[in-house]
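Remarks on the structure that follows.
When reading the values below, keep in mind they use all heavy atoms of this one structure, side chains included, and skip hydrogens, waters and symmetry mates. What you are looking at is a predicted structure, and each value in this text was computed from that prediction instead of being measured.
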Amino acid sequence: MMSTNKKLAMAVTAALFSLSATQVVFAAGLTNVGDPSTATGFTATDSTGATFDANDLVNMGTSNTDEDGIKYATELFGGSGPSQLPSTYSAAVIYQIDGAISDDFYLTFTLSDGASFASTPTLFGDANVATGIGGGTNLPAGTLIGNDEVQFIVDVDSNIAASSSFLLQYELVNITGLSKSGNKIEMSVSPTSVGQTAYAVNVEDTVTIAQSAQAVTVELNSIKTTNAEISTELESKEFVVTPAADADDDEAVFVGSKEVRLGELVITHDLTALDDVVSDVAGAQVPFTLGLSANGGGIESATITITEGQFAASITDPGEVKLVSIDDSGSPDVATDITGTTEVSEDGLTATIDVTDVIDELIDANAAASDNEQTSQIRLLLDGATSVNIPENAPCATFTVDYTDENVVDISQENCTVLPKIPQDGTVCTVNIVPKSDTSDALSILITNKSNDEAQLFGSLYGQDGTEIFSSQPLVDSTGADTLGAKKTMRLGTSDLLAIDGATTWTGRGMLKVSTTLDIEILALIRDVASNINSNTSTGANGASCN
């Protein structure tokens with residue numbers, strides 16, 4: 001049944017026709033060709049001899065609709081932007097006629113937002129048009145008006161059917177306006193009568209032919225709950241959970257004695273719409289993802305760089321800094337565990353996780369997520385043999401993706417993400433000059449407990465050549481006390497150090513590290529026996545060398 005509006009339009013047409021020899025042309029509307037198979041009924045009616053092939057048209061895919069146009073990711077428009085989209089396949093719109101036609105008319109197609117036609121578009125007609133124009137003569141080539149408008153003159157006669165349709169095949173340039181999320185490019189069609197341009201044959205119709213939105217967002221977040229400490233008693237080689245803290249908190253730093261969470265890499269991907277200009281052999285669009293870029297390009301590099309870190313303990317295998325994929329329940333997903341390639345600087349202050357070769361795993365994991373969001377955690381794993389260093393500043397992480405295609409916007413954080421600085425559960429002091437027992441120097445180390453608590457002290461002694469003499473052994477002075485009371489002072493000499501289990505003599509000037517949960521102060525004196533001169537070697541023992 002004909003709609004009321006169409007009946008009214010036809011009535012108006014009849015009234016106009018009674019005043020003029022020109023009859024109004026009706027349009028059922030302007031629509032995008034979403035699926036090339038819908039355009040197979042059009043024939044090569046262009047006067048230039050162009051051959052229409054539906055396989056040359058881009059397929060919008062199931063995520064788009066005819067009204068949406070082709071959807072692109074804003075990431076595709078870096079720099080000056082791609083010169084032409086789609087790059088390999090054309091796009092098309094169909095303009096359908098509904099009503100009797102008795103006069104020649106213009107079809108004028110106009111682009112919005114500064115977009116331009118890459119070349120003069122081609123107009124094709126369906127079977128009705130092909131047999132009805134001048135006894136089968138071809139449609140004329142279009143005329144570009146500027147770069148954003150093309151006009152065709154349709155020479156008609158009474159043989160054109162009321163349901164004739166025209167297909168405009170085109171390619172675009174100058175579409176950097178799509179670099180802003182939410183922008184659209186529209187095409188309008190305005191049919192006017194030849195010789196009667198004072199009035200429109202039919203009202204103008206408009207359709208969105210392209211639009212853009214951000215496809216991928218990447219966040220590098222810090223773990224907020226710092227419930228882990230570095231064990232001073234165990235020479236900073238293990239983590240301990242903060243007293244009264246919940247060791248099972250899935251959103252906290254502590255995982256276990258040799259593992260902590262530092263941050264989270266969260267990738268969110270709009271799987272519903274955003275199409276890349278990369279097309280497969282069938283002309284189908286594919287969603288833009290973290291690992292794809294325009295014209296078939298990919299990722300040059302993808303890295304997480306963490307500076308001012310605490311990664312000395314990860315230098316020795318199997319200690320490492322790694323990226324661990326997290327499932328929907330917040331637990332590590334063993335099936336998609338992503339380690340990448342980790343490099344740690346010699347001083348343990350910088351860790352670089354190269355995920356270039358495992359980006360596909362991030363994408364696959366993300367694509368499988370029901371909420372289109374994939375979370376991976378940055379974790380520090382200790383090897384149990386190397387001590388964690390204690391940096392002055394909190395570690396700072398940055399995630400970057402460098403695309404091979406210069407037109408694709410690289411992912412790079414403007415500011416780094418500050419990760420947790422894991423503190424010690426006590427104090428570590430270093431005495432750097434510890435003479436051997438067979439020298440003429442007499443050693444006297446005074447350790448004072450400044451707190452109101454009582455606890456043990458543990459020491460590790462190394463020779464000048466780095467040889468470990470003993471490690472994490474209780475320090476006991478000549479009185480035999482195994483703890484240091486509140487506000488008390490203990491004295492250690494060379495003989496006391498040699499009396500510790502496993503102690504042997506050492507080479508050169510040794511180094512003693514003292515670890516305790518107490519707040520301590522150390523005074524170290526060396527007296528040259530022959531000259532009876534005392535030297536204070538404890539400079540900084542209550543500051544820089546007591547972390």
Side-chain angles (χ1 to χ4, degrees), residues 72-79 82 179 214-223 261-271 274-278 286-309 311 314 320-327 332-345 349-369 372-381 395-419:
Y72 296 104
T74 57
E75 290 90 334
L76 297 170
F77 300 92
S179 61
Q214 188 170 358
V216 178
T217 56
V218 178
E219 297 178 39
L220 192 55
N221 301 321
S222 175
I223 300 296
R261 307 176 184 95
L262 295 176
E264 289 184 339
L265 176 67
V266 183
I267 300 173
T268 305
H269 182 212
D270 184 348
L271 297 174
L274 302 168
D275 286 344
D276 195 355
V277 297
V278 179
V286 293
F288 180 92
T289 64
L290 188 64
L292 292 178
S293 65
N295 305 319
I299 287 180
E300 183 79 22
S301 63
T303 56
I304 299 173
T305 304
I306 311 172
T307 58
E308 295 295 330
F311 310 113
S314 65
E320 60 185 335
V321 185
K322 66 184 298 186
L323 201 62
V324 179
S325 186
I326 303 300
D327 62 20
D333 187 348
V334 178
T336 57
D337 190 25
I338 301 165
T339 59
T341 302
T342 302
E343 293 184 2
V344 179
S345 60
L349 292 177
T350 302
T352 302
I353 308 175
D354 187 344
V355 294
T356 307
D357 294 335
V358 294
I359 252 339
D360 287 342
E361 296 178 44
L362 286 172
I363 297 169
D364 291 343
N366 178 69
N372 300 337
E373 182 177 285
Q374 173 65 23
T375 300
S376 302
Q377 288 183 350
I378 303 170
R379 295 193 180 188
L380 170 61
L381 288 77
C396 201
T398 304
F399 180 74
T400 58
V401 173
D402 181 15
Y403 285 99
T404 55
D405 191 323
E406 64 179 9
N407 289 322
V408 179
V409 179
D410 294 335
I411 297 173
S412 181
Q413 292 177 256
E414 183 175 349
N415 299 306
C416 66
T417 299
V418 178
L419 304 180

Take Tyr403 and Ile299, measure what side chain to side chain contact (heavy atoms under 4.5 Å, CB included) needs, and give me the verdict at the end.
CA-CA 4 Å; Tyr403 285 99; Ile299 287 180; 3.8 Å; yes
Measuring only between side-chain heavy atoms, which start at C-beta, is Ile353 closer than 4.5 Å to Ile378?
yes
Is there a side chain to side chain contact (heavy atoms under 4.5 Å, CB included) between Arg379 and Val321 once you walk through the steps?
CA-CA 6 Å; Arg379 295 193 180 188; Val321 185; over 6 Å; no
Just so I know, are the side chains of Leu381 and Lys322 near enough to count as touching, which here means a heavy-atom distance under 4.5 Å?
yes
Could you tell me which residues satisfy side-chain hydrogen bond (donor to acceptor under 3.5 Å, both in side chains) with Ser301, sequence neighbours excluded, listed by chain and number?
none
Dump the intermediate steps for side chain to side chain contact (heavy atoms under 4.5 Å, CB included) on Val266 and Asn221, then the final yes or no.
CA-CA 8 Å; Val266 183; Asn221 301 321; 3.8 Å; yes
dist Thr74:OG1 -> Gln214:CD (nearest 0.5 Å) comes out at 5.0 Å
Qualifying residues under side chain to side chain contact (heavy atoms under 4.5 Å, CB included), relative to Asp357, sequence neighbours excluded
none
Find out whether Ile306 and Phe311 are in side-chain contact, i.e. whether some heavy atom of one side chain is under 4.5 Å from a heavy atom of the other.
yes
Could you measure the distance from the CD atom of Glu75 to the CG atom of Asp410? Nearest 0.5 Å is fine.
11.0 Å
Rounded to the nearest 0.5 Å, what's the gap from CG on Leu380 to OG on Ser314? Could you check?
5.5 Å
Of all heavy-atom pairs between Thr356 and Glu300, which one has the smallest distance, and what is that distance?
CG2-O, 3.8 Å
Within this structure, what is the OG1-CD distance for the pair Thr375 and Gln377, rounded to the nearest 0.5 Å?
8.0 Å
Show me the donor-acceptor pairs within less than 3.5 Å that the side chains of residues 412-419 make with the rest of the protein, sequence neighbours left out.
residue, atom, partner, partner atom, Å
Gln413, OE1, Phe399, N, 2.7
Gln413, NE2, Asn415, O, 3.4
Gln413, NE2, Thr417, OG1, 3.1
Thr417, OG1, Leu220, O, 2.7

Is the backbone N or O of Leu265 less than 3.5 Å from a side-chain atom of Ser376, with the two atoms forming a donor-acceptor pair by type?
no
Yes or no on side chain to side chain contact (heavy atoms under 4.5 Å, CB included) for Thr398 and Ile304, after CA distance, side-chain angles and deciding distance?
CA-CA 6 Å; Thr398 304; Ile304 299 173; over 6 Å; no
Restricting to non-hydrogen atoms, name the atom on Gly309 and the atom on Pro395 that form the minimum distance, rounded to 0.1 Å.
CA-CB, 3.7 Å
State which residues pass side-chain hydrogen bond (donor to acceptor under 3.5 Å, both in side chains) with Ser222; sequence neighbours excluded, sorted by chain then number.
none
Mind checking what makes side-chain hydrogen bond (donor to acceptor under 3.5 Å, both in side chains) contact with Ser345, not counting sequence neighbours?
Asp347
Would you please name every residue forming a side-chain hydrogen bond (donor to acceptor under 3.5 Å, both in side chains) with Thr303, sequence neighbours left out?
Thr400
